[in-house]
Amino acid sequence: MAVEIKMPQLGQTTDEVRIVRWLVKEGQEVKRGEPLCEVETDKVIMELESVESGTVTKLISEPDSQVKTGEVIALIEQLSKKAVPAVDVEKPGSSSGVEISVIEKGNLTGIIQTTSISEKDIEKKDAAMSYKTSFDEANRPATAKVHILNSNEKRKILSEIGAQKAIAMYERMIEIREFEERIRLLFLEGKMPGTIHQYIGQEACAVGVCRALEKDDVIASTHRPHGHAIARGLSMDAIMAELYGKTTGCCRGKGGSMHIGDLSKGMLPAIAIVGGNIPIAGGMALAFKLRKEPRVAVSFFGDGASNEGAFHEGLNMAQIYKVPAIFVCENNLYGASTSIKLTAKVGNIADRACAYGMRSDIGDGMDVLDVYRRAKDAADFARKGEGPTLLELKTFRLCGHSRRDPNNYMTKEERQYWNSRDPIILFESLLLDEGIMDDREVSNLRKKIEAVIDRAVEFGQTSPDPKPEDTYKDLYVSMKVPR
Ligand SMILES: Cc1ncc(C[n+]2csc(CCOP(=O)(O)OP(=O)(O)O)c2C)c(N)n1
Ligand SMILES: [Mg+2]
């Protein structure tokens, strides 16, 4: 069946873009997620990816022509969706094979081509290269390293948390990945409004931290909140409806992607001002302390946010008042398109904690078990009244900064390295190797999640829009301000 490929909404201020050139020819096969053409929006020149796998039967729009949102630009004769996986993320163990980069002292010293990589191979490689935090670290101190758990250490944590909890963590990670992949496609098909900042690649951070928390704890998130929300237990229906601006959304459609949250589930609606949630989480933690409630407040933020004034003020005050908070810096090595090399000259963001006399820790943000145990230690420390922790998680986003981001500032080698440490594949291989799950259970779980997401999309698309007369409803809380 021929599928019409329509131009999604890519421009920020206009619904017209220019087709620069086609990257495929008629008769050529493409896979879902592969680039079809280059387009120029009002902001950038970027590649437009295919939403279908199949044979390109017709290229309708001419190069250099202006195309409006929704216009059909090409036809693709569809192949079975199941037969052809999306490209984008190369997965260890996939039959198409992957290349693994070996990086030493910031230089690419070799590429291993393989069709099946076991966790052991990855461990060996990591041990050999002692896990650099950035691909090109020529300017950075050699202290920027993180310990990668070996198999025995992982097994020990697994036996402590038990199979049931491990499977639940894996399930949440898949939910986040599949949810993000689905809205990415909806966006490309022009069916998802607005822009979105996706969490693909960072799943272990949200899931590891949120699993270490109690029901009454509260998290505060950023412009990239979908993963935090799913990890904290918001329903995918409520998140999806919020993305569609519907009354059934978690903020009744008034927040959208960058303000996802639900206090009844322990998540403050997200704050998209970079660094903005840090003092607020500190303030919530101070309230818990003053009320003598055994609760912990968690602030999630990025490496970029750690250069904001709010970070320094927020951490200093939190330490002075010894509040029960965890400041979780998801260091994905980039603030939008800017490498951390250009924005920070400390080896680790966690090193900054010493300026406030605060406890700090560094975890492998691609390993959910490592994140979990370090977050648990920080939460126990806070609950005992010992004060806050700055927990830095070394991670990477395996996608653009936002959906309109062409992502061409990352090198192929850098992406290959981090794809080889895809947190979901790493955890899945461990669960399979340890006999905690088998292939059939993994496949059933994925099918179950796919069905939940299908329903969430239907729910989001068909729920009612807010009424104009409700514009000012639910914006303010009626309360007496304590003095
Ligand atoms: C105060 C402020 N400045 C700039 C922006 C625009 N902006 C949105 S996300 C972002 C990058 C943030 O990087 P980082 O904190 O590392 O988080 P990441 O996007 O990597 O998750 C910027 C500059 C903003 N939202 N708020
Ligand atoms: Mg960042």
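Order of appearance sets the numbers: ligands from 1, and atoms from 1 within every ligand. All heavy atoms count here, side chains included; hydrogens, waters and symmetry mates do not. Nothing fancy with the numbering, it's 1 onward along the sequence.
The nearest heavy-atom contact from the protein to atom 16 (O) of ligand 1 is Gly304 N, 2.8 Å. Shortest contact from atom 25 (N) of ligand 1 to any protein heavy atom: Ala272 O, 3.0 Å. Regarding atom 15 (O) of ligand 1, its nearest protein heavy-atom neighbour is Ala305 N, 3.0 Å.
Nearest heavy-atom pair, Ser50 versus Leu36, reported as atom, atom and distance to 0.1 Å: CB-CG, 3.7 Å. Between Gly304 and Val274 the shortest heavy-atom distance is C-CG1, 4.3 Å.
Neither the backbone nor the side chain of Ser306 has a heavy atom within less than 4.0 Å of ligand 1. Looking at His401 against ligand 1, only its side chain comes within 4.0 Å, counting heavy atoms. Contact annotation for His197 and ligand 1: no heavy atom of the residue comes within less than 4.0 Å of the ligand.
Close approach to Ile273 involves these atoms of ligand 1, each under 4.0 Å from a residue heavy atom: 1 (C), 26 (N). Near Asn332, the atoms of ligand 1 lying under 4.0 angstrom from a non-hydrogen atom of the residue are 18 (P), 20 (O), 21 (O). For ligand 1 and Gly302, the ligand atoms under 4.0 Å from any heavy atom of the residue are 14 (P), 15 (O), 16 (O), 17 (O). Within ligand 1, the atoms closer than 4.0 Å to a non-hydrogen atom of Glu308 are 1 (C), numbered from 1 in the order shown.
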For this session: Go through the steps for Tyr334 and Tyr409 under the test ring pair (Phe, Tyr, Trp, His ring centres under 6.0 Å), then give the verdict.
Result: CA-CA 10 Å; Tyr334 286 89; Tyr409 44 85; 5.4 Å; yes

Problem set entry | Derivation of the salt bridge (Lys or Arg N to Asp or Glu O under 4.0 Å) call for Asp380 and Lys376 | CA-CA 6 Å; Asp380 291 347; Lys376 185 85 177 63; 3.2 Å; yes

For this session: Would you sort out whether His226 and Ile196 count as a side chain to side chain contact (heavy atoms under 4.5 Å, CB included), showing the intermediate values?
Result: CA-CA 9 Å; His226 308 167; Ile196 38 176; 3.9 Å; yes

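Some N or O of Val274 is nearer than 3.5 Å to an N or O of ligand 1, by distance alone. Close N/O approach between Arg224 and ligand 1 is found [any backbone or side-chain N/O within under 3.5 Å]. Considering both main-chain and side-chain atoms, Arg397 never comes within under 3.5 Å of ligand 1 through any nitrogen or oxygen pair.
Within the 4.5 Å cutoff, no side-chain heavy atoms of Met317 are placed close to those of Pro279.
Residue-level check: among N/O/S atoms of Asp303, OD1 sits closest to the Mg ion (ligand 2).
The Mg ion (ligand 2) has no N, O or S atom of Glu330 closer than 2.8 Å. Metal site remark for the Mg ion (ligand 2): Asn332 contributes an N, O or S atom at a distance under 2.8 Å.
Within the structure, the closest approach of Tyr334 to ligand 1 falls below 4.0 Å when heavy atoms are considered.
Each of Arg397, Glu330, Arg177 was compared with Tyr199 under the side chain to side chain donor-acceptor pair (under 3.5 Å) criterion, and only Glu330 meets it.
Atom 6 (C) of ligand 1 lies below 4.0 Å from none of the non-hydrogen atoms of the protein.
Judged by a 6.0 Å distance limit and a 45° cone about the ring axis, Arg359 is positioned over the six-membered ring of Phe381.
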